[in-house]
Amino acid sequence: MAVTPLIETPAWRALAALAGHSLRLRELFATDPQRFSRFSLAHDGVLLDYSKQRVTSEVMAALHVLWESADVPDWIARMRAGETINQSEGRAVLHFALREPNPRAEVRAVLDKMQRFCDDVHSGRWRGSAGSTISDVVNIGIGGSDLGPKMATQALAAYHQPDLRVHYVSNLDAAHLATTLAQLDPRSTLFVIASKTFTTQETMTNARSARDWIVAALGEAAVARHFVAVSTNLAAVAKFGIDPANAFEFWDWVGGRFSLWSAIGLPLALAIGFANFEGFLAGGAAMDRHFFNTPPEQNLPATLALLGIWNIDFLSASTQAVLPYSQSLEHLPRYLQQLEMESNGKQIDRAGYPVGCPTAPIVWGEAGTNGQHAFYQLIHQGGRLIPCDFIALRQADFDLPGHHDALLANCFAQSEALMRGKTLDEVCAELAAAGMAADKIQRLAPFKVFPGNQPSTTLLLDRLDPYALGQLVSLYEHKTFVQGLIWRINSFDQWGVEYGKQLAVRLLPILEGKQPATDLDSSTAGLIAACKTGASRN
Ligand code: G6Q
């Protein structure tokens, strides 16, 4: 039986019809004093206020029909049963099983090994080859083997172990590794080589250079005390020269960008201590239970997902700003960029047909208030629809007098301004009240008008502790999963990353002068020639 294309389904058509009615947020608030309580959810220390989204009860009801028509509960059951729902790679998707309170034996065994290792490093039992305790850990990994632990390590700065610094090196550019190593003493430095495949060019190149640095300073025998590995490919780990006793395993049913909960979280556990890492897992598991067992009307990930679909596919937004009013969550926008764009930045559905509508938005953002002094101008007056996720903490994780209330005031003021806007009449009245002459008002007023009606969601967390961070990450993971289901795409593969890698392998011997530059377009050939001879045309 032919499957009805997504955009021709009754659920989709109903939403398209509703999108034809223009909604003004300012008026929706003016006519409904209960709007906040009607369009906000609170669960286990997380408040999700979506009253500033351009939705009505009718729109939300239609979005809930869309959830039903995407068979989300059925897909959740299939995922939990370990079915191969990542069909194009032939894999199950079970990252949530890493954070279950009573995980399967293989997971428990690795967690126990991580705990022993963290305790050994923190207590000083684990020493470098020259007898020094470890002062610095360098995680070498990229993509899913970097962004998650790096984001979480920064997010939980208030929980860092004393006397241990954790660094992250990802870029193939030697500047990343070289500038990191310049601060370090090889005697007290431990490298974690984190790679699911243990073949990734960037990671292997950095790992070899790090190995050379240790060997030059401390000799070949030092490698065993200064390198551990995290991988699914234990054979390649052994081949690299890392003692299998110092390798932490994970499994192919853990996708790279979902792997923070696995041994890929080792640098995070080293940074915050294993008990705190377990708190992080517990927060993730709590959000799983909420997601698995709650109807869409009260379900936080479902609500975030459906609002995203509404903004992207029915209001034509092409981006999603993530604006954490927390310096500790500075790396969250970049982490979510990978999670959402690599998972759902696809146009072909699971059956191999075009999806027929826009999918993942361009995710970007910056910690507030820094963004306010950089790009908010465009959000306020640039004329584009830019949905924003504001993320704020009720209690500061670092508190100095006078900071936190001012930070919250800025966060709430921004979403208010984006929602409300400012009309020409309001601008003129304001300038007149300030005593400005009428002719000057006339000249200046157009520049001070704010269109408003810019949709936003605010997530307010009671605090940023390991548990809350676990909830937050799991919330966005499930949001991404639900959106993928609605768009009928496989959120767990990433074929789009392959082509560039393939071409880089072909260009390297040409750049190294080992092969002639044949069959290249004139731009690529010209760039390679310029590298060899200098950029000047004279
Ligand atoms: C994530 C992606 C990708 C991956 C990196 C690193 O979902 O698959 O970002 O994590 O390419 O891969 P390795 O861990 O295999 O080095």
Side-chain angles (χ1 to χ4, degrees), residues 79 85-96 98 110 138-152 168-173 176-177 191-211 227-240 242 247-268 331 333-346 360 363 473-474 476-481 483-484 489-505:
M79 176 172 78
I85 65 166
N86 174 359
Q87 285 145 331
S88 70
E89 294 183 330
R91 290 177 180 164
V93 174
L94 287 164
H95 53 273
F96 61 88
L98 298 163
V110 175
V138 182
N139 188 76
I140 294 182
I142 196 165
S145 301
D146 168 70
L147 289 162
K150 179 170 151 186
M151 176 278 291
Y168 288 87
V169 170
S170 52
N171 203 313
L172 183 56
D173 184 346
H176 203 174
L177 182 64
F191 291 94
V192 177
I193 311 301
S195 175
K196 182 172 171 180
T197 55
F198 230 73
T199 58
T200 305
Q201 183 192 31
E202 292 88 337
T203 301
M204 291 301 111
T205 306
N206 279 322
R208 278 191 292 272
S209 298
R211 194 179 191 284
F227 282 83
V228 299
V230 180
S231 188
T232 59
N233 186 353
L234 297 185
V237 169
K239 204 165 161 212
F240 182 85
I242 294 178
F248 298 83
E249 190 183 11
F250 66 114
W251 306 273
D252 72 355
W253 41 264
V254 183
R257 54 193 171 278
F258 300 89
S259 62
L260 169 57
W261 316 93
S262 71
I264 288 291
L266 183 64
L268 171 65
H331 297 311
R334 241 186 275 169
Y335 171 75
L336 294 181
Q337 202 165 57
Q338 182 189 31
L339 180 63
E340 298 200 23
M341 292 169 73
E342 197 163 273
S343 298
N344 290 337
K346 297 163 190 169
V363 178
V473 175
S474 170
Y476 274 98
E477 282 183 354
H478 293 312
K479 170 204 169 177
T480 305
F481 174 53
Q483 291 190 332
I489 56 190
N490 176 2
S491 300
F492 303 103
D493 60 12
Q494 54 284 313
W495 299 105
V497 183
E498 295 303 320
Y499 188 36
K501 282 192 201 170
Q502 201 185 329
L503 293 192
V505 168

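Just so it is clear, the values below take in all heavy atoms, side chains as well, and ignore hydrogens, waters and symmetry mates. Every number for a ligand or one of its atoms is a count from 1 in the order of the listing.
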Visitor: Looking at ligand 1, does any of its N/O atoms fall within less than 3.5 Å of an N/O of K501?
Guide: no
Visitor: In terms of residue, atom name and distance, what is the protein heavy atom nearest to atom 12 (O) of ligand 1?
Guide: T200 OG1, 3.5 Å
Visitor: Hey, what's the ring geometry for F240 with F198, parallel, tilted or perpendicular (30° and 60° as the breaks)?
Guide: perpendicular
Visitor: For atom 15 (O) of ligand 1, grab the closest protein heavy atom and report residue, atom and distance to one decimal in Å.
Guide: T197 OG1, 2.7 Å
Visitor: Using distance alone, decide if ligand 1 has a nitrogen or oxygen within less than 3.5 Å of any nitrogen or oxygen in Q338.
Guide: yes
Visitor: I'd like to check I193 versus M204 (side-chain heavy atoms, cut-off strictly below 4.5 Å). Are they in contact?
Guide: yes
Visitor: Would you mind reporting whether K150 and N139 have side-chain heavy atoms less than 4.5 Å apart?
Guide: no
Visitor: Quick check: does any side chain N or O of N344 sit under 3.5 Å from a backbone N or O of T480, one acting as donor and the other as acceptor?
Guide: yes
Visitor: In the protein, which heavy atom is nearest to atom 10 (O) of ligand 1, and how far is it?
Guide: G144 N, 2.9 Å
Visitor: How far is atom 5 (C) of ligand 1 from its nearest protein heavy atom, and which residue and atom name does that atom have?
Guide: I142 O, 3.5 Å
Visitor: Does the plane of the ring in F492 sit parallel, tilted or perpendicular to the ring in H95? Use 30° and 60° as the thresholds.
Guide: tilted
Visitor: Could you tell me, atom by atom, which parts of ligand 1 come under 4.0 Å of a heavy atom of Q494?
Guide: 7 (O), 8 (O)
Visitor: Is the shortest side-chain heavy-atom distance between W261 and E477 below 4.5 Å?
Guide: yes
Visitor: If I take atom CD1 from residue I142 and atom NE2 from residue H176, how far apart are they, to the nearest 0.5 angstrom?
Guide: 9.5 Å
Visitor: Can you measure from CG (D173) to CG (N206) and round to the nearest 0.5 angstrom?
Guide: 9.5 Å
Visitor: Among all protein heavy atoms, pick out the one at the shortest distance from atom 1 (C) of ligand 1; state its residue, atom name and that distance to 0.1 Å.
Guide: E342 OE2, 3.0 Å
Visitor: Which ligand 1 atoms, with their elements, are less than 4.0 angstrom from a heavy-atom of G256?
Guide: 1 (C), 7 (O), 10 (O)
Visitor: Considering distance alone, does some N or O of G143 sit under 3.5 Å from an N or O of ligand 1?
Guide: no
Visitor: Show which atoms of ligand 1 fall inside a sub-4.0 Å distance from at least one heavy-atom site of S195.
Guide: 13 (P), 14 (O), 15 (O), 16 (O)
Visitor: May I ask you to list the atoms of ligand 1 that are less than 4.0 angstrom from any heavy atom of S145?
Guide: 10 (O), 13 (P), 14 (O)
